Structures are given as C-alpha cells and as structure tokens.
Visitor: 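Here it is, the structure, as structure tokens.
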Amino acid sequence: MKILFVSSEVSPFAKTGGLADVAGSLPKALRKNGHDVRIIMPLYHCVETGNFTIKKTRKGFEVPVDGVMQKGLLRQTFLGDIPVYLVEKNEYFQRSDLYGTPAGDYPDNSQRFGFFCQGVLDLLKRLDFRPDIIHCHDWQAALIPFLIKQVHKKDPFFSKTALVYTIHNLAYQGVFEREALSSFGLDDSHFTIDRLEYYGKINLMKGGILTADVINTVSNAYCREIQTEEMGCGLQGVLQQRAHDLYGILNGIDYQDWNPSTDPLIFKNYTASTLSGKAANKKNLQKALGLEQNPTTPLLGMITRLSSQKGLDLLEALLPKLQKEKLQLVLLGTGDEKYMKMFSSLQKKPSDALSINLTFDQALSRKIYAASDMFLMPSHYEPCGLGQLIAFRYGSVPVVRKTGGLADTVFDTRDGVREPNGFTFDDYTPEAFWDAISRSLEAYKDRKKWDKMVRNGMNSDFSWDHSGGEYEALYEKALKIIRL
Ligand code: ADP
C-alpha cells in the first residue's frame, strides 16, 4: 500500500507528546511490512536547527489563506528510509514552539494549519504521489479529509484514496471563529451543522470525524469513553453518528528506540535479567539531581505535559503527605503557565527528596524511566498513554488512574489478575491516588515480589508488532468502503 502520514509532530524531528512518538514509529513498523510509507509535517524551527540532513527540493506551492495566495516550499529529510516531506513557510513555522507558548495558543493557528493542510493536497499532485491511504492525525490534519470529501470530491487524483483519521486527544479540536473558514480556503457554505459549524464556531475535528472513511482512537477503552456525554468533549453525538466506522487501536512504542539494553542516554544498560543495572541508574540519577543516594528509598518518577488532563491537582494535593514519607519524587514536565508557576515555587525549596525539572528534555526523560521504581500517571483522562508503556519497558512500575488506555494496559492484583504489572485507582481523588501509591510502597518492601512485577512489565510486548497489523486491517477496511 502507498500510505501518507500527515502529522503536526513526528519524533525525533518535533515533539510535544505521544502523537510524535506514534507518527515517528508506526510508519517504521508499516515500512517493515513492505508498504511505501511517507510522512509530511511542517518545517518548524526545531527541525531546521536539529541535527538532521534536510534537502531542498525544487517544489513549491501556493494556497489561499484569508483570500491571499500564500507560497510555501517543500524540503525533505528521512526517517530511516522513509521520506519525510517538510512544508516550509518561515512566517508560520519558524517559532519557539509548535502550537503556542505556556501563555496560550498562537493566535494564527487557523492560518498556520489551514496553510499546511491545503499545501499537503497541492504537493501530492506536484510529487505525483497518489496514496492509497492518507492517514491524518488530530485536529491539525483534520481539514484534509474534509477538503478531499467536500471540495475535491470530483477530483480524479483522489478518487482512489481512502481517508483514515486518528484521534489522539479529543480535547484538542481546533475550534476557531467563523471567519477562520477563509484561512482554510473555504466559503460560508461550509458553515452548517452537517459540516464544520459547531455552536456558532468552526470545529476542524468535527469535520475530520464526519468525512474520513474510517476513524479510530488510540485505545479501546477511550473509544468507548468518547462516545459518552461525560467524556465526549461535546463531540459524542458526532462520534455516535460515525460509531459504525469508529475503532480503538492501542498505541505501540518503538521497542528499538525505547530499549534499556541499548539506550545510549541512560547511565547503564540493563535487561530484565540484569536489574542491578537499573539500580546503577537510580544511584547516578540521585547523584545528578542532588537526591540522597539511597538504593532502598523508593524513587517515584513522573514525566508529563503540565496540563489539567494529567492529574496534577491530585499530585499537588498529595505533596505535603508525600514529603513526609520515605520516598523520592522526580518530576519532568513543561506546559501550562498555572502549573509551571506552581512547580517553580516548589523547585526553589532545597530538598534531597524532591526534584522538579521544568523543561522538555529527552535525555533526562530516559534517565528517569530507567532510574525510577514507580511511574505516576494519575490522569483525569488518557487516550492511550505512552508513559506507562515506556515505564514497563524500563522496569518502572506504573501507578495510574484506571481510565482510557491506562485501564487497557495496567493490571493490579486488586483486579484479580495473576500477573500484575502496576497499581490502579478509580476515583479521581487524592485519597484514591494515595491508596494506590501506598500499596505500591508497601509492595516495594518485598524485593522478590517487586522484581517479579518489574519483570512482568519488562517482558510484556507493547511494540507495534501487534498494533501495526491492526492499522493494516483498518486501512483495508477504509479501502473497501471507497471501492463499494
Ligand atoms: P501525551 O501525548 O498526552 O502528552 P503520552 O503519555 O501519550 O502523553 O506521551 C507523552 C510522551 O512525551 C512520552 O514519550 C513522554 O516521555 C514524553 N514527554 C512528556 N513530557 C516530557 C518532557 N518534559 N520531556 C521529555 N519528554 C516528555
């Protein structure tokens, strides 16, 4: 199959969260199975200045944004042998961040991604690449299925192309004022309830859900949750309407990239049978972060976007209690101003048990996965969650709220499983979170049992070997629909 991935972030080029991990690893798994996979993304400042070989091409394009023809250029790099097309437009993409700063979204995001999506369609023709599948991710690429189905529906170039739309996080929908239609090259005729209109505004994700041939999200539990009023973020009705074509496919991670036995960025490599190497990582990280160097003190790690989704208010409520316990906590995160402020005031207090790191730091994240005993994810909701999958791989035991993909991957003895791999709690309360943490602290005291749980996680398989095949099946379904 010829498959084009359209994603606003792709690891290792640009990353704010799990979408980048998926867009940087699923294409490799599909490529391994013999497909012609290509990726397209914006050429951000961080891509330009990263250590990548970027080629110029002679190709350019022009698309209407707010009634003015805007020019863009195409550049290219590779992910292994996968071509990665980069859409260049300095005015839109040469910025410090991808979507906005801690103070909020960039005010011209409709123009930026309206330009990007229209550009993708134009460039495919210039490249003469007719994909069987265009696989679009999240709101930033949602305009593509909408444009193809509603504007270019008679264009023979796209007549054999099926559109797959993946929702990585339903909370970010690309909602703009009505005027944004012209940023997408669209007129007012699309401002109707069966198209892009949404409570008097424009909603790009709605457009993607309504028009893609098949839709999926990143776990089965989240797929069920988003069709309910409680967790549908206002789009439950639209999702119910498409329920027949809506699927859940659990994310995988790249087991070659996330591999404690070869990871060059951790202090010492180890495997499930050489856990002393994990202890060495703990010792070195304790030293590097100014924590007491004690091998028996449980080290709790948390690596997250600082957003209300991630259960940070539960953590905040528990901090006084946690600081009284014999444990160490290492947090790595960036995000919303509110949380940045809250944690930076804590950061200033000297402590040999608490380390707050308010940066985006790939190398430090790997060291934390490798060094920590427990990994905290008290999420309010979690579409899939990659943190717990990476934690399994590095032998850190997840302590998570049972929601979305966390509920599909983390199993606690209290759930009656024979091979537990973590600790879970149900209610979104500090008490329930504390109950799960304290059970993990208790379990940690029995070294033999604990190591067994560590190994259960390390020996499980959340690679793309499994889910990659589910995407192939989903693509087949989409092709079948357009051939009907
Ligand atoms: P989300 O996509 O909602 O942010 P996921 O758990 O799916 O959450 O994926 C988060 C990814 O981003 C993981 O690879 C995690 O290690 C990484 N990550 C999050 N915050 C940071 C940070 N501050 N520094 C480095 N990596 C981070």
Side-chain angles (χ1 to χ4, degrees), residues 7-26 46 97-99 102 137-140 166-172 217-219 221-222 226 233 249-255 257-260 263 265-266 285 289 301-312 315 330-336 339-340 343-344 347 355-372 375-394 396 398-401 403-410 422 462-464 467:
S7 178
S8 59
E9 52 184 272
V10 180
S11 179
F13 308 109
K15 168 167 169 174
T16 68
L19 168 60
D21 289 303
V22 173
S25 57
L26 174 56
C46 60
D97 294 86
L98 269 51
Y99 316 122
H137 300 265
D138 273 350
W139 74 262
Q140 294 89 340
T166 301
I167 300 167
H168 294 262
N169 193 331
L170 190 70
Y172 302 91
T217 186
V218 289
S219 68
Y222 192 61
I226 59 175
C233 302
I249 300 179
L250 192 71
N251 279 337
I253 55 168
D254 182 339
Y255 266 39
D257 179 22
W258 297 105
N259 185 350
D263 192 332
L265 295 172
I266 63 177
L285 189 71
L289 298 179
M302 186 161 175
I303 301 168
T304 184
R305 281 186 297 114
L306 299 180
S307 136
S308 60
Q309 169 199 343
K310 299 293 183 180
L312 297 158
L315 182 71
V330 177
L331 176 107
L332 171 63
T334 48
D336 297 355
Y339 297 110
M340 292 293 270
F343 286 116
S344 65
Q347 202 180 22
S355 168
I356 308 268
N357 306 274
L358 301 176
T359 53
F360 195 95
D361 186 337
Q362 174 79 238
L364 180 57
S365 80
R366 288 169 183 268
K367 291 185 173 75
I368 298 172
Y369 285 118
S372 56
F375 191 79
L376 306 182
M377 292 181 77
S379 305
H380 185 53
Y381 70 90
E382 195 60 73
C384 173
L386 296 181
Q388 83 281 20
L389 306 185
I390 303 168
F392 284 142
R393 185 85 171 129
Y394 284 74
S396 181
V399 179
V400 308
R401 180 154 177 270
T403 178
L406 296 171
D408 283 353
T409 53
V410 182
F462 290 102
S463 70
W464 283 111
S467 301

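Quick caveat: nothing in here was measured; it's all calculated off a predicted structure. No hydrogens, no waters, no symmetry mates; every other heavy atom, side chains included, goes into these values. Atoms within a ligand are numbered from 1 in the order they appear, just like the ligands themselves.
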Visitor: Checking the side chain of Asp408 only, and the main-chain atoms of Ala221 only, is there a donor and an acceptor separated by less than 3.5 Å?
Guide: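 The answer is yes, because a donor-acceptor pair under 3.5 Å joins these two groups.
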Visitor: For the pair Lys367 (side chain) and Leu265 (backbone), establish whether a donor and an acceptor sit closer than 3.5 Å, ignoring hydrogens and angles.
Guide: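 Indeed, once roles are kept as given, a pair shorter than 3.5 Å links the two residues.
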Visitor: I need the atoms of ligand 1 closer than 4.0 Å to a non-hydrogen atom of Arg305, numbered in the order shown.
Guide: 1 (P), 3 (O), 4 (O), 20 (N)
Visitor: In plain terms, say whether Arg393 and Asp254 are close enough for a salt bridge, that is, a side-chain N and a carboxylate O under 4.0 Å apart.
Guide: no
Visitor: Determine whether any heavy atom of Thr359 lies closer than 4.0 Å to an atom of ligand 1.
Guide: yes
Visitor: Distance under 4.0 Å to a non-hydrogen atom of Gly387: what atoms of ligand 1 satisfy this?
Guide: 6 (O)
Visitor: Is the backbone of Cys384 close enough, under 3.5 Å, to the side chain of Gln388 for a donor and an acceptor to pair up by distance?
Guide: yes
Visitor: Could you give the distance from OH (Tyr369) to CG (Leu332), rounded to the nearest 0.5 Å?
Guide: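 CG of Leu332 is found 8.5 Å from OH of Tyr369.
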Visitor: Are Lys15 and ligand 1 in contact, using a heavy-atom cut-off of under 4.0 Å?
Guide: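 It does; at least one heavy atom falls under 4.0 Å.
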Visitor: State the atoms of ligand 1, each with its element, that fall below the 4.0 Å cut-off from a heavy-atom position in Asp21.
Guide: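 Selected atoms, number and element: 11 (C), 13 (C), 14 (O).
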Visitor: For Tyr369, is at least one N or O under 3.5 Å away from an N or O on ligand 1?
Guide: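 Yes; at least one N/O pair falls below 3.5 Å.
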Visitor: For the side chain of Tyr255 and the backbone of Phe462, is there at least one donor-acceptor N/O pair under 3.5 Å apart?
Guide: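 Indeed, once roles are kept as given, a pair shorter than 3.5 Å links the two residues.
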Visitor: Among all protein heavy atoms, pick the one closest to atom 7 (O) of ligand 1 and tell me residue, atom and distance.
Guide: Leu386 N, 3.1 Å
Visitor: So which atom in Ala20 and which in Ala14 form the shortest heavy-atom distance, rounded to 0.1 Å?
Guide: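 Looking at all heavy atoms of both residues, the shortest contact is CB-O, 3.4 Å.
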Visitor: Thr304 side chain to Gly333 main-chain N or O, any donor-acceptor pair under 3.5 Å?
Guide: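 Judged by distance alone, no pair lies under 3.5 Å.
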Visitor: If I apply the N/O under 3.5 Å rule, does Gly18 come out as touching ligand 1?
Guide: yes
Visitor: Regarding Tyr394 and Asp263, do their side chains bring together a donor and an acceptor under 3.5 Å, going by distance alone?
Guide: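 Yes.
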Visitor: Pull out every atom of ligand 1 sitting under 4.0 Å from any heavy atom of Thr304, numbered as shown with elements.
Guide: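 By the 4.0 Å cutoff, the relevant atoms are 20 (N).
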Visitor: Which of the atoms of ligand 1 are close to Ile390, meaning less than 4.0 Å from one of its heavy atoms?
Guide: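 So the answer, numbered in order with elements, is 14 (O).
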Visitor: Of the listed options (Lys310, His168, Met377, Glu382), which comes nearest to atom 1 (P) of ligand 1 when hydrogens are ignored and any heavy atom counts?
Guide: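 Shortest heavy-atom distance from atom 1 (P) of ligand 1: Lys310.
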Visitor: Show the nearest heavy-atom pair for residues Pro102 and Gly335, with the distance to one decimal.
Guide: CB-O, 3.4 Å
Visitor: Pull out every atom of ligand 1 sitting under 4.0 Å from any heavy atom of Asp361, numbered as shown with elements.
Guide: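 Matching atoms, with element in brackets: 24 (N), 25 (C).
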Visitor: Numbering the atoms of ligand 1 from 1, which are under 4.0 Å from a heavy atom of Ser365?
Guide: 25 (C), 26 (N)
Visitor: How close does the nearest protein non-hydrogen atom get to atom 18 (N) of ligand 1, and which residue and atom is it?
Guide: Ile303 CG2, 3.8 Å
Visitor: Any heavy atom of Cys384 closer to ligand 1 than 4.0 angstrom?
Guide: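 For ligand 1, residue contact (heavy atoms, under 4.0 Å) with Cys384 is absent.
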Visitor: For atom 21 (C) of ligand 1, what's the nearest protein heavy-atom neighbour? Residue, atom name and distance, please.
Guide: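 The closest heavy atom on the protein side is Phe360 CE1, 3.4 Å.
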